[in-house]
Structures are given as structure tokens and as C-alpha cells.
Number of protein chains: 2
Amino acid sequence: MSQTVDRALSILPLLARGPADLGQVADALGVHKSTALRLLRTLHEHGLVYRQEDQRYRLGARLFALAQEAVENLDVREIAHPHLVGLGERTGHTVHLAVYEENEVLYIDKVDSRYPVRMYSRIGRPVAITVAAVAKLLLADLPEPERRALAAKLDYPMYTPRSTPNAAAFLQELATVREQGWATDLGGHEESINCVAAPVRGADGRVVAAMSVSAPNVVVTADDLLALLPLVRRTADAIGREYSGTSTAKDPA
Amino acid sequence: MSQTVDRALSILPLLARGPADLGQVADALGVHKSTALRLLRTLHEHGLVYRQEDQRYRLGARLFALAQEAVENLDVREIAHPHLVGLGERTGHTVHLAVYEENEVLYIDKVDSRYPVRMYSRIGRPVAITVAAVAKLLLADLPEPERRALAAKLDYPMYTPRSTPNAAAFLQELATVREQGWATDLGGHEESINCVAAPVRGADGRVVAAMSVSAPNVVVTADDLLALLPLVRRTADAIGREYSGTSTAKDPA
DNA sequence: TCCATCTGTTGCATTGTGTGCAACGGTCAT
DNA sequence: ATGACCGTTGCACACAATGCAACAGATGGA
């Protein structure tokens, strides 16, 4: 839409492939050198482009700072919330959203079809980390050494006979969860409560959050709950797509 | 220099602080809504900006992809090389550059004042990881669980009586190195060879490479070599600054 | 040492391009 | 229903971005 900006922005992917000098940039854009110079200058003033000692241009540090700041200010909860509500309405069950932070798994949002309780604090409740379906998904995605170290440090309280008994069993369960891409908690925390959960993945494929649907087995059997899995996964994927900002440049003509 | 591009780029830091709608962007830039719209559209076409479901704008995934690609294509060696040459000329000793990769420390460049040998292959020689000064720096920067796991897996060959004997001693040494920000190898690999090394840090402070100066003690004593430490550190810092693209937007007036 | 050549840089006239305006069409809340 | 608000489009105007040509500085060869 805007030729000048369009040209300037076209420089960025060019430079991402490696440093280039003025002439190369001008040629790639099909413009005069002086034009390319002015564009590069503007990019430079904004720190998006850096001029190295041999006078060639590369992408600048500001770009990384921007990306980082954007990620930090990205609120998964804000983006996820409408999806949680939708899922709550369709299933009628309680929906949770959780994240991993500093050796803990925290609930950061919760929606129940009967009484929607929004937790506004950024710091929510810690989760029963050894048994909750969301915790399994979040921990399964950790780098291997960190995962092992954490598993070794945890306590394994036997909330019910079906709770995860020890680190070995837990690591085994995490491997399974990692493999299949979803998780359950069938009466591991409270005897009569079952959960199914799916991961929300960021642009780089890493699990940024996990979402679960929970219901007491007096209302629905575990099998019925498992039947919701495809829906839960689809919803989690949708959140992930929106969170990642997956938009392939141009709109379809 | 270029008004249009200048305005467009000013949108990015704005959006980094959180999503904003068209009106807010237009106000912040001090332009008409239609102008802001066209700028945002152009940014959108390039994927730098993403439009979420509530029609507000945020930074897009392409920004992260760009940053990532740039980092991958950033060649520490290419940037560092002239600095290594300079250091080699000033000291007359052998200068090494090394990086950490997949549980190994690799030499990726080497300069000797007598016969400058450039290693062109991306895969250089693995380093004696338990004793080399550059290895200590690189491993000292790893996240704690990964560092412990690696230390436990390593062999500790006694190249000389001064070699690091076991994992405990190694981890202790790494703690010291991490603390002081530089490292040495005094006859730990070959009886008569000493090294001093300093870390090259990226924009986020993480150690991306390490550089060392080595000399046999028949030429210079260990003390004389240590006297070069400030110079080595300054050079490593200079490489780090250039690698990070540390340019604070506007030039001083 | 001088000249040739390459790169990045500046001033200027032209016109193409970005701009603001005003009017339109949605959506939401009252 | 009705008003207010936000995003969107078409258009005429003016300004800002463009290409040109000339300059400067570095590099390298003769």
C-alpha cells in the first residue's frame, strides 16, 4: 500500500540472510543507491539495522529487543479467555488455563459454565504438579536436564491410589504425554474428578500454556470426557495460532 | 530521513508495549486515521504486524522469525576474525576462538602471528573440554541443570598433574570462572602451555563464544601472560559489542 | 607517486506518492 | 430505532520521496 515503507521493509528479510552493502541492497530493491541509502538510514535511526565496521548493514539489536518485549507483554490469558468461555459453553464443564513458571505450575484462568470465576491476579494458585493434566503437559516440554532435576526435587503425595507415586513413574508419564501431545488426570488428584488437557504452543513450537477440561465422573464418565479431546485440542491449537500471530502476510485475493 | 518510513517504524515500539487499535496508533503518531491505516496495512503485508480477532494490532510472528534467522546467520567468527588478528599482532601469541555446541566445545578460528591459519569449516576441532580456558567460560554460562548433567557425563583425563581431576573440582572451577568473568589454563592440557581467556557476550548477556591467548612458558611466564588479561577482555568485549549490534539509534549530534 | 575505479554521500528539480478530508458502512450500546 | 463510534474508501492536493549528476574518500594497480 505504501511504496516507501514497502521498500524499506523489504530490506529486513534481505539483511536477515546476512550482511549486505549499499549497492546490493539498492540492486535487490531495484532502486537508486541514494534511495536505498535514505531507507537504510531511517531503519538505522530506529535501531532495526546496524552498520558494522566494514560499512555493511545487518539487522540491529533493537529488532531482538522489540521481539522480546512483545513476547513479554503478550498475555496468553487475554487471548485465550474467549476460547475458554466458548469451550465452557459447549461442554458445560470447568475449563482451566495454566502456565509453568519457576518450578511451579500456576492456574491463570478458570471458566465454569455455572459460575464464571475470573482470576484477575497474575499469580494464581499452584497446581498439584505431580498429577494435574496441565502440569504434565507443561513439564513434558521442559529441556531434559531441567525436567529430570525438577522431577527429582518434587514430593509425590498420594492424593488418591491413582496419584503418581514417584519420580520414575512421573518421568515415564511425561515421556508418554510428550509423545502423544495431550494428557489426562483420571482421579489422580481427587477420586471422582477427571481431566483432559491439551497444550497451547507458541510460534516456535514450545508449550506456552496448557488448557484442561475437568468434570466429576458422576456427571460424565471418563470415556465421555475423553470424547471431548479432539475439541479441546482444536481449541488449544486455535489459541496457539492466535498467540503466535500466524498470518501469512497477504490476505487471499 | 524518510517521513513515511519513520512513522511506520515508530509504530513497532508502540505495539511492543501491547496491542492497540487504529485510533490509538493514529493519535500516537499524530496523523490521520486513514494514514495510520495504510501504514499498518503495509506492516501487516510484511507480517511485522498481526491483527487479532478484536481487530486490534500487535507485533506479528514474522518479527520473531526475522530476529531468529538473523541470529542464526550471524557469524561470530566473521565478526571476530579481525579482532583476533589484531590481538595476535599485538601479543605475538596464538589466539583461539571457540563456541559451545551440543555438549562439545569447538575451536572455530585460530590466528598465530607467525602463520595465520584460518579454519574454514564450520566444524572445527573439539577442545579438551575439562581443562581448556575457553571451555570453562562456555560451560560456566550454561543453565545450572545442564551444566551439572554435562559435568557428570564427562571423562576427566589427567593430561598433566594439573588437569581437572573430577566433576566436583570441575564444577567448583566453573563457579569461580563464572564469578570472575575470565578463565585460565595453566599447564592443565600440556605441561608447558598456559592460556588466558575471556568471554564474548551477546546482546542478552549470554556467552556466545570465548577467546583465548596461549603461549608456551619458555617464551613468557604465566605471570606475563596474565598481564595480557585486560587486553584480552577488552578485545572480547569489543567483539561482543559488534556482534550484538550495539548502536543506540541516533548518532550523537 | 599518480591515476583509475569503486564505494558511499549530498543538493536539487521533478513527479509520483503519501496525505488529510469527507463521506460511507459496519457494529455496538443505549 | 437511533445515536455514537470505529474502520474503510475515493479523491484532489501538496509535499515528500525519487533519480540524477556531481562530489568525496578509499583502494589498488601501474
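Computed from a predicted structure; not experimentally measured. Sequence lines set the chain letters: A, B, ... in the order given, protein chains first and strands last, and positions in each chain run from 1. Heavy atoms only: backbone and side chains are in, while hydrogens, waters and symmetry mates are out.
One can place CG of A:D54 at 15 Å from C1' of D:dT27, the figure rounded to the nearest angstrom. Counting to the nearest Å, the C1' atom of D:dC6 and the CD atom of B:Q55 are 8 Å from each other. As a whole-Å value, the separation of B:K33 NZ from D:dT8 C1' is 9 Å. Look at CZ on B:R41: it is 6 Å from P on D:dT8, rounded to the nearest Å.
Side chain of B:K110 to main chain of B:T94: no donor-acceptor pair is present (N/O by atom type, distance under 3.5 Å, no hydrogens or angles). Listed for the A:H44 side chain is a donor-acceptor partner under 3.5 Å among the backbone atoms of A:V49. Within the 3.5 Å criterion, the main-chain N or O of A:T42 finds no donor-acceptor partner in the side chain of B:S2. At least one donor-acceptor pair under 3.5 Å links the side chain of A:Q24 to the backbone N or O of A:D21. With hydrogens and angles ignored, the 3.5 Å screen pairs no side-chain donor or acceptor of B:S212 with any backbone N or O of B:C195.
Tested against A:L39 for a side-chain contact (heavy atoms from CB on, under 4.5 Å), the candidates A:V25, A:V5, A:L29 yield a single pass: A:L29.
For DNA chain C, the outermost nucleotides in 5' to 3' order that have an atom under 4.0 Å from a heavy atom of chain A are C:dG8 to C:dG18.
For the side chain to side chain donor-acceptor pair (under 3.5 Å) condition, the pairs that include at least one residue of residues 224-235 of chain B, sequence neighbours left out, are B:T221-B:D224.
Taking a cutoff of 4.0 Å between a charged side-chain nitrogen and a carboxylate oxygen, B:R206 and B:D204 do not qualify as a salt bridge.
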Could you pull out the protein-nucleic contacts involving nucleotides 14-24 of chain D (nitrogen or oxygen on both sides, under 3.5 Å)?
residue : atom : partner : partner atom : Å
D:dA17  : OP1  : B:Q3    : N            : 2.7
D:dA17  : OP1  : B:T4    : N            : 2.7
D:dA17  : OP1  : B:T4    : OG1          : 3.0
D:dA17  : OP2  : B:Q3    : N            : 3.3
D:dT18  : OP1  : A:R7    : NH1          : 3.1
D:dG19  : OP2  : A:H32   : N            : 3.2
D:dG19  : OP2  : A:T35   : OG1          : 2.5
D:dG19  : N7   : A:S34   : OG           : 3.3
D:dG19  : N7   : A:R38   : NH2          : 3.4
D:dG19  : O6   : A:R38   : NH2          : 3.3
D:dC20  : N4   : A:S34   : OG           : 3.4

